[in-house]
Amino acid sequence: KNLSTHRKLNIWSAKKVFPNADTCQVWEWSTGLNNYVCEWGTGSDENQAMNNYQEDANIIQNCLGDAWTAQTNTTQSGGKHTIYSTPDKRTIVSIRYFQDLRSWSKPWQNTISIGDKSNLKSPLK
């Protein structure tokens, strides 16, 4: 959809594939590769963030198939972060829910990112 050009990153607004998401975007990295990213907040409602995470995990698992494996870790704030990957593809799917400890209100948030695994180490464009 709409392109927003930033000094080091190009961002397009995108269709929301995940029903609870507030915003979804396509990010263009310096490598020329892209990520599909969705974000949304739940304020102080940790249970809603956890429910969103589980609903999104179900959507992802239904789409990916048995060849994909999930690695889940606990976030610093007590949430969860799961990365889905498969050996024969460069794409990863990352979902998480976490409390934003940098904000004075410390809201709970959900994020999803789908893209090439090398994008995890790419500098911004």
Side-chain angles (χ1 to χ4, degrees):
K1 294 183 178 180
N2 302 324
L3 170 62
S4 174
T5 303
H6 301 270
R7 192 177 128 188
K8 296 184 177 188
L9 182 68
N10 288 327
I11 300 173
W12 289 265
S13 59
K15 182 179 179 180
K16 294 190 290 185
V17 175
F18 297 90
N20 295 322
D22 289 332
T23 61
C24 292
Q25 302 170 325
V26 174
W27 294 2
E28 181 182 27
W29 297 88
S30 60
T31 58
L33 299 173
N34 300 303
N35 274 47
Y36 177 77
V37 178
C38 294
E39 303 175 312
W40 58 104
T42 61
S44 62
D45 195 343
E46 178 182 0
N47 287 330
Q48 183 62 51
M50 188 176 8
N51 289 339
N52 290 345
Y53 169 88
Q54 190 55 55
E55 182 178 326
D56 298 331
N58 291 338
I59 291 170
I60 290 167
Q61 289 167 354
N62 288 333
C63 291
L64 293 181
D66 295 336
W68 292 72
T69 58
Q71 180 180 358
T72 302
N73 295 306
T74 302
T75 67
Q76 182 181 4
S77 63
K80 287 190 178 180
H81 181 203
T82 301
I83 295 177
Y84 298 87
S85 63
T86 187
D88 61 338
K89 296 196 182 350
R90 296 189 50 82
T91 301
I92 61 163
V93 179
S94 168
I95 65 169
R96 66 184 177 133
Y97 79 96
F98 63 98
Q99 189 174 29
D100 185 355
L101 301 175
R102 297 173 296 161
S103 171
W104 65 270
S105 63
K106 299 188 178 16
W108 284 89
Q109 297 181 327
N110 294 87
T111 63
I112 292 175
S113 178
I114 302 169
D116 192 287
K117 65 179 93 179
S118 68
N119 289 346
L120 296 175
K121 298 177 184 173
S122 293
L124 293 175
K125 183 172 181 169

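Index from 1, following the sequence. As a basis for the values below, the full set of heavy atoms in this structure was taken, side chains included, without hydrogen atoms, waters or symmetry mates.
A continuous path of hydrophobic side-chain contacts links V17 to I60 [ILVMFWY only; heavy atoms under 4.5 Å]. In the hydrophobic cluster analysis, where Ile, Leu, Val, Met, Phe, Trp and Tyr join through side-chain heavy atoms closer than 4.5 angstrom, L33 is grouped apart from V93.
Ring orientation note: the planes of W108 and Y97 are tilted relative to one another, at an angle of 30° to 60°.
The backbone N or O of I92 lies less than 3.5 Å from no partner atom in the side chain of K117, so there is not a single donor-acceptor pair. A donor-acceptor pair under 3.5 Å links the side-chain atoms of N110 to the main chain of A49, judged by distance alone. In this structure, the side chain of Q99 engages the main chain of K106 through a donor-acceptor pair within 3.5 Å.
Note: N52 CG to C38 SG = 12.0 Å, rounded to the nearest 0.5 Å. Distance check, rounded to the nearest 0.5 Å: OG1 of T42 to CG of N20 gives 10.0 Å. M50 contributes atom CE, which lies 8.5 Å from atom NZ of K80 (distance to the nearest 0.5 angstrom). The distance from atom CD1 of I11 to atom OG1 of T23, rounded to the nearest 0.5 Å, is 9.5 Å. The CZ atom of R96 sits 11.5 Å away from the CD1 atom of I112 when rounded to the nearest 0.5 Å. Within the model, atoms CH2 of W40 and SG of C24 stand 7.0 Å from one another, a figure rounded to the nearest 0.5 Å.
Closest non-hydrogen pair, L9 versus W27, comes out as CD1-CB, 4.2 Å. V26 and A14 get closest at one heavy-atom pair: CG2-CB, 4.1 Å.
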Under the criterion side-chain contact (heavy atoms from CB on, under 4.5 Å), I'd like the reasoning laid out for Q61 against W68: C-alpha separation, chi angles, the key distance, then a yes or no. CA-CA 8 Å; Q61 289 167 354; W68 292 72; over 6 Å; no
Applying side-chain contact (heavy atoms from CB on, under 4.5 Å) to T111 and V37, what does each step give before you reach the verdict? CA-CA 7 Å; T111 63; V37 178; 5.7 Å; no
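With a 4.5 Å cut-off on side-chain heavy atoms, T69 and Q71 do not count as touching. Between H81 and S94, some side-chain heavy-atom pair lies under the 4.5 Å cut-off.
Annotation: side-chain contact (heavy atoms from CB on, under 4.5 Å) contacts of T82 (sequence neighbours excluded): Y53, A70, T72, Y84, I95. Applying the side-chain hydrogen bond (donor to acceptor under 3.5 Å, both in side chains) criterion to T91, with sequence neighbours excluded, gives no partner residue. For S13, there are no side-chain hydrogen bond (donor to acceptor under 3.5 Å, both in side chains) partners, not counting sequence neighbours. Looking at residues two or more places apart in sequence or on another chain, you find a salt bridge (Lys or Arg N to Asp or Glu O under 4.0 Å) between D100 and R102. The side-chain hydrogen bond (donor to acceptor under 3.5 Å, both in side chains) test applied to S113 returns N35, not counting sequence neighbours.
The list of salt bridge (Lys or Arg N to Asp or Glu O under 4.0 Å) pairs with a residue in residues 45-67, not counting sequence neighbours, is empty.
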